[in-house]
Amino acid sequence: MLSLFLISRVIGYAALVYSLGTTCTTPLGSGTADPAAPFWMQDIKHQGIAAFNPNSTTYQVFRNVQDFGAKGDGITDDTDAINAAISAGDRCGGGTCPSSTTTPAVVFFPRGTYVISAPIIAYYYTQLIGDATDPPTLLATPGFQGIGVIDADPYIATGQFYDNTNNFFRSVRNFIIDLTQTPASSATTGIHWQIAQATSLMNLVINMSTESDTAHQGLVMENGSGGFLGDLVFNGGKYGMSVGNQQFTVRNVTVNNAQTCILAVWNWGWTFQGVKFNNCQIGFDISTGGGPPQPVAAEAIIDATAVNVPIFLRPSANSGQLDGSLVLSNIKLTNVPTAIGLFSGDVLLAGGTTTITSWAQGNIFTGSNGTGLYTQGYIAAPVKAAALLDSAGNIFGRTHPQYADYAVSQFVSVRDHGAMGDGVTDDTAALKEIFAAFAGCKIIFFDAGTYIVTSTVTIPAGTQMVGEAWSVIAGKGSAFQDMDHPRPVVRVGAPGSSGLVEITDIIFSTIGPAGGAIVVEWNAKQTTQGGAGMWDSHIRLGGAAGTNLQAANCPSDGSGGTAACKQNGLKINLILLSSPVFSNLP
Ligand SMILES: *[C@@H]1O[C@H](CO)[C@@H](O)[C@H](O)[C@H]1NC(C)=O
Ligand SMILES: *[C@@H]1O[C@H](CO)[C@@H](O)[C@H](O)[C@H]1NC(C)=O
Ligand SMILES: *[C@@H]1O[C@H](CO)[C@@H](O)[C@H](O)[C@H]1NC(C)=O
Ligand SMILES: *[C@@H]1O[C@H](CO)[C@@H](O)[C@H](O)[C@H]1NC(C)=O
Ligand SMILES: *[C@@H]1O[C@H](CO)[C@@H](O)[C@H](O)[C@H]1NC(C)=O
């Protein structure tokens, strides 16, 4: 205890010394936005660029749908204007372009009600963002035609827009999607989200019919490969969510008054944390052994609540190992007669008003024994460290900060302070000066672009930084070549430092070759729970325009690659005693 105390004092002292090294004098403090003013994102200067777009000087990253003719007046059909805002600039879609990193876009929706009669097509590498201070409504018309109000992978005559397992870089935030004017019996869907990694849905409310014949669905995924969703509310509908995907993380989702809260068509490696079900007939309906193309294989349900739900979880079969692995941890039931009930009507686990501390189905392995013992029933509860729990005893989580209360004047743009982000200029010195001048005093806005650094840049403890369509910080050059002595491209916090660090919508990367790069070294220790983390931020190596690490540079001919292809040895290095929170970081 004593030594830990001493260590924390030393860290505190080091942080103090470090913070004196910055030159800003007026700490950021709380948000000062006028409540009547729009979200800062609407009014901040828009000067982001797509560094590797062939037309980088004219290509428009930020698009306000109202600049493309959308009215948001609750009367005018805004569908075409919104789709024009999304697709302008020779973007990647339509079934002829499977993927591209050269046409990023933020499509911003000011406050208002946007009337929608056909899908809004969410293109590759796009963030659809509503005003976070007063989320806009997307109102589906009674005659709405199409699979979903938002469609991330349209079906077309030749197949689909994109390959569902290579459908990366999407985010949809801050909307209310209202399906209640469409006929209850139509299978109208809020979002068709057939996507893969580096994708997120957040802060959405989807309203549907509560008629007994309702066929509305909040969210539909047939397949895909990974992603994150959180802070969603589904009201009404046949299904809140109807989902088949893999490696997926869900947190803080509420489903009210749906017939089935969540239909799991096929699930490989899903974690559902903090789901809240109210007044559904079935909580989780899990098509084990069925569904295209695989059954539920591994699903963890953690910190759920269900109130007035006759059956919390219904697997379609109970045929032993074919049903895959299920783990239930800390499930609070209130008036839920059946905790686990089979399609056959048999009750596997009775409910009531009770808490299921820990129940599992699947093979349990002990030590190095490679043969599991099939188990179905209560198991010993895992030990959860107190530091991982919130005040209610649930796994702690923190929503992606959006700074909705902050005024535009509380942000500072890196392009306004000498950084170019053009994928060519060495921005190392400019970024060092910006962090020294503004960390802790302004929210540092990385206008869209690719910022090249040629030596380690430290993001000091105290920094809040926000990207735009995943702004890129990339290490390049001689500093990052020595594989025996790799160096960080970015250090989050000086060694031993502690304090607030919030990093959102940023990609950390390299320009190859960079065999001696540690892309991110994380030192900063949080001083408040969840106070040091990254959200919707990613470490991406190769495969993107401008990295010199694409297929042509690194042929997969079995030769083991060339020197020009050398890539870093380490993506992220978490220093002992640091305590970051990561959300949606594939
Ligand atoms: C570049 O801009 C020109 C003129 O606006 C346009 O015709 C062309 O299609 C653009 N090319 C790309 C690849 O975006
Ligand atoms: C969505 O549904 C909820 C629950 O019925 C309701 O409270 C809310 O006002 C609805 N929102 C809109 C925009 O209709
Ligand atoms: C994804 O789902 C669609 C619709 O069910 C199906 O046509 C397609 O074959 C599936 N793709 C894969 C790769 O599973
Ligand atoms: C859960 O999401 C709701 C919005 O749907 C938000 O108001 C609430 O703060 C979130 N809770 C947590 C613990 O993140
Ligand atoms: C390995 O585990 C299986 C299943 O529990 C058990 O039958 C077997 O005896 C174990 N083998 C050893 C060497 O402990």
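Predicted model, so just to flag it, every value in this text is computed and none were measured.
D163 meets the side-chain hydrogen bond (donor to acceptor under 3.5 Å, both in side chains) test with T165; sequence neighbours excluded. Residues passing the side-chain hydrogen bond (donor to acceptor under 3.5 Å, both in side chains) test with N573: none are found, sequence neighbours excluded.
Ion pairing between a basic and an acidic side chain is recognised when a charged N comes within 4.0 Å of a carboxylate O; E211 and K238 show no such pairing. Taking the charged nitrogens against the carboxylate oxygens, D231 and R251 do have a contact shorter than 4.0 Å, which makes a salt bridge.
Between F272 and W270, the ring planes lie parallel to each other; the angle is under 30°, not in the 30° to 60° tilted range. The aromatic rings of F312 and F284 sit perpendicular to each other, their planes meeting at more than 60°, with 30° as the lower class boundary. Between Y114 and F109, the ring planes are perpendicular. Angles over 60° get that label, and only those under 30° would be called parallel.
In this structure, N256 CG and T210 OG1 are separated by 11.0 Å, a value rounded to the nearest 0.5 Å. The structure places CE of M241 at 13.5 Å from OH of Y239, a figure rounded to the nearest 0.5 Å.
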Any chance you could lay out the salt bridge (Lys or Arg N to Asp or Glu O under 4.0 Å) test for D505 and R173, step after step, and finish with the verdict?
CA-CA 12 Å; D505 292 319; R173 307 175 188 166; 2.7 Å; yes
For side-chain hydrogen bond (donor to acceptor under 3.5 Å, both in side chains), just list the numbers for S498 and Q526, CA-CA rounded to whole Å, side-chain angles, deciding distance to a tenth of an Å, and then say yes or no.
CA-CA 6 Å; S498 57; Q526 68 184 19; over 6 Å; no
Donor-acceptor list for residues 378-388 side chains, cut-off 3.5 Å, not counting sequence neighbours:
{"from": "K384", "atom 1": "NZ", "to": "S329", "atom 2": "OG", "distance (Å)": "2.9"}

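Proximity of the aromatic rings of W470 and Y125 is defined here by a centroid distance below 6.0 angstrom, and this criterion is met.
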